[in-house]
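One structure below.
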There are 2 protein chains.
Amino acid sequence: MSSKELQVLEDYIQQNNLKITRQRRAVLNAFLECEKHVSAEELYRIVTQKDPKIGLATVYRTLSLLTHSQLASELDFGDGQKRYEHRYMHSHHDHMICTECGKIIEFNHPLIEKFQEEVASRNGFTITSHKLDIFGLCSECR
Amino acid sequence: MSSKELQVLEDYIQQNNLKITRQRRAVLNAFLECEKHVSAEELYRIVTQKDPKIGLATVYRTLSLLTHSQLASELDFGDGQKRYEHRYMHSHHDHMICTECGKIIEFNHPLIEKFQEEVASRNGFTITSHKLDIFGLCSECR
DNA sequence: GAAGTTTTTGATAATGTTTGCCGACACCAT
DNA sequence: ATGGTGTCGGCAAACATTATCAAAAACTTC
Ligand SMILES: [Mn+2]
Ligand SMILES: [Mn+2]
Ligand SMILES: [Zn+2]
Ligand SMILES: [Zn+2]
């Protein structure tokens, strides 16, 4: 189970004089196996099923590590808790969130991206990041 | 100082068996005089300068009222506190936020709006709302 | 306009997510 | 083994917002 992602984490850890630990591997593995947009609390519950001694603070700390090492992206859909998704080998996309069942549809529209650049440069604004969240009802909840 | 907005609030209040109070008028006036995207805490400080006895909870409660009566829009730029802006007689727009000085540029790009509808219907998704936040540096902070 | 009814208010406690703190602990190199 | 450095788990603290509740204000009815 030695994934490319583990290598990325180990590289980051070595470059910053940190240490690879059982807990960090456990959180990384749980995160990688969890295929979608997961909160810290959810990941904590998953991790503690295999290793009940891992603390919630460690999950938060490791998620911060994963974010800084570019393995994870931090998302905030405005529901009070942050979520995390795979970033390694995943390209940028935006989200449609079903307010009924919580389903999340990912999409990328090149022209939307392009017009954002256009409207930014028109205002002398330099983009560092953006996020587009569309809320509504998915096909099953309509 | 009897604005159209006060009339909107009074209509909403009557329709819901609520009561118009000195505090609600004070918060509404402060909100209307405050021209930009204001947080509850900021508005609280403004209101208490004219009427020091108004409580913070009342400001929160009145902002909720203003939002429900369509006088205000609630915004969340992900910095930990919600902000509010005028909604009455103001059309939809999105925001560019300067991460250096906090300046906010409003914009509306009809094609971005249109392509959102397009990508939604392509996925059988019914939009109820959306928000596009662009983060970066404004022309003065670049 | 007094009495009665309903809603609101201000102060403060509680909430929920995330971060800070700290003593114990693991790991690695001498 | 010993020392040094970084990590861990548990829990306290931070922070914005909401809930609670007795007292006050607003409206209704006479
Ligand atoms: Mn995603
Ligand atoms: Mn705005
Ligand atoms: Zn749904
Ligand atoms: Zn700026």
Side-chain angles (χ1 to χ4, degrees), chain A residues 9-31 37-69 72-84, chain B residues 6 9-31 37-69 72-84 102:
Chain A
L9 181 59
E10 288 181 346
D11 289 351
Y12 179 85
I13 278 179
Q14 281 196 329
Q15 285 164 18
N16 294 81
N17 290 337
L18 307 176
K19 293 178 177 173
I20 186 75
T21 64
R22 186 188 88 249
Q23 289 91 337
R24 285 173 176 168
R25 260 191 287 259
V27 174
L28 173 62
N29 283 333
F31 173 69
H37 313 80
V38 66
S39 70
E41 188 71 35
E42 285 169 349
L43 195 56
Y44 172 65
R45 280 200 294 269
I46 296 173
V47 170
T48 47
Q49 283 179 353
K50 290 193 175 178
D51 192 338
K53 284 193 293 267
I54 290 183
L56 177 57
T58 297
V59 173
Y60 274 101
R61 286 185 289 239
T62 306
L63 279 171
S64 173
L65 265 174
L66 298 185
T67 302
H68 283 108
S69 61
S73 294
E74 196 177 70
L75 307 175
D76 182 359
F77 296 139
D79 64 338
Q81 53 187 11
K82 291 172 183 155
R83 292 167 195 285
Y84 298 84
Chain B
L6 179 58
L9 180 60
E10 287 182 347
D11 288 352
Y12 178 85
I13 279 179
Q14 280 197 330
Q15 283 164 20
N16 293 80
N17 290 338
L18 306 177
K19 294 175 179 178
I20 186 75
T21 64
R22 185 189 88 248
Q23 290 89 337
R24 285 174 175 166
R25 261 191 285 260
V27 174
L28 172 62
N29 283 332
F31 172 69
H37 312 81
V38 66
S39 69
E41 188 71 36
E42 286 168 348
L43 194 56
Y44 172 64
R45 280 200 294 270
I46 296 173
V47 170
T48 48
Q49 283 179 353
K50 290 195 176 178
D51 192 338
K53 284 193 293 267
I54 290 183
L56 177 58
T58 297
V59 173
Y60 274 102
R61 287 184 290 237
T62 307
L63 280 171
S64 174
L65 266 176
L66 298 185
T67 302
H68 284 107
S69 62
S73 293
E74 195 177 71
L75 308 174
D76 182 0
F77 296 139
D79 64 338
Q81 54 186 12
K82 291 172 183 154
R83 290 167 196 285
Y84 297 83

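Sequence lines set the chain letters: A, B, ... in the order given, protein chains first and strands last, and positions in each chain run from 1. This one's a predicted model, so the numbers in the text were calculated from it and none came from an experiment.
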Report task. State, to 0.1 Å, how close A:Gly78 and B:Asp76 come at their nearest heavy-atom pair, and which atoms those are. Result -> CA-OD2, 4.0 Å

Query raised in the report: What's the CD1-C1' distance between B:Ile20 and C:dT8, to the nearest Å?
Result: 12 Å

Query raised in the report: Just how far, in rounded Å, is P of C:dC28 from CD1 of A:Ile13?
Result: 12 Å

Report task. Specify the residue among B:Lys53 and B:Asn17 whose closest nucleotide of DNA chain C lies further upstream toward the 5′ end. Result -> B:Asn17

**Report entry** Atom of A:Ala40, atom of A:Leu56 and distance for their closest heavy-atom approach
**Finding:** O-CD1, 4.5 Å

Query raised in the report: Rounded to whole angstroms, how far apart are OH on B:Tyr60 and P on C:dA11?
Result: 16 Å

Query raised in the report: Taking all atoms of both residues into account, what is the closest heavy-atom pair of B:Lys19 and B:Ile13, and its distance?
Result: N-CG2, 3.6 Å

Report task. Scan A:Arg61 against the nucleic acid and name what it touches under 4.0 Å (heavy atoms): base, sugar-phosphate only, or nothing. Result -> base

**Report entry** Separation of atom CD in B:Gln81 from atom C1' in C:dT17, rounded to whole Å
**Finding:** 16 Å

Requested in this report: Compare the minimum distances between each of D:dC8, C:dT18, D:dG9 and the side chain of A:Ile54, then state the nucleotide with the smallest one.
Outcome: D:dG9

Query raised in the report: Side chain of B:Lys19, base of C:dT6: donor and acceptor closer than 3.5 Å?
Result: yes

Requested in this report: Please tell me which of the listed nucleotides, D:dA16, C:dT18, C:dT7, lies nearest to the side chain of B:Leu18?
Outcome: C:dT7

Query raised in the report: What nucleotide among C:dG10, C:dT19, D:dT17 has an atom nearest to a side-chain atom of B:Gln23?
Result: C:dG10

**Report entry** N/O (side chain, A:Arg24) to phosphate O (OP1/OP2, D:dC8) under 4.0 Å
**Finding:** yes

Query - Whole angstrom value for the distance that separates P of D:dC8 from CG of A:Asp51 - result: 11 Å

Query raised in the report: Over how many whole Å does the gap from B:Arg83 atom CZ to D:dT17 atom P extend?
Result: 9 Å

Query raised in the report: How do A:Tyr84 and B:Thr62 order along DNA chain C: which one's closest nucleotide is nearer the 5' end?
Result: B:Thr62

Query raised in the report: B:Ala57 side chain: which of C:dA11, C:dT18, D:dT17 is closest?
Result: C:dA11

Query raised in the report: At under 4.0 Å, does any side-chain N or O of B:Thr21 touch on OP1 or OP2 of C:dT9?
Result: yes

Query raised in the report: To the nearest Å, how far apart are A:Tyr44 OH and C:dT18 C1'?
Result: 14 Å

Requested in this report: Indicate yes or no for a side-chain donor-acceptor contact from A:Thr58 to the backbone of A:Ile54 under 3.5 Å, with no hydrogens or angles considered.
Outcome: no

Requested in this report: Using atom CG of B:Leu75 as one end and atom C1' of D:dT17 as the other, report the distance to the nearest whole Å.
Outcome: 17 Å

Query raised in the report: Just checking, any donor-acceptor pair under 3.5 angstrom between side chains of B:Arg61 and B:Ser64?
Result: no

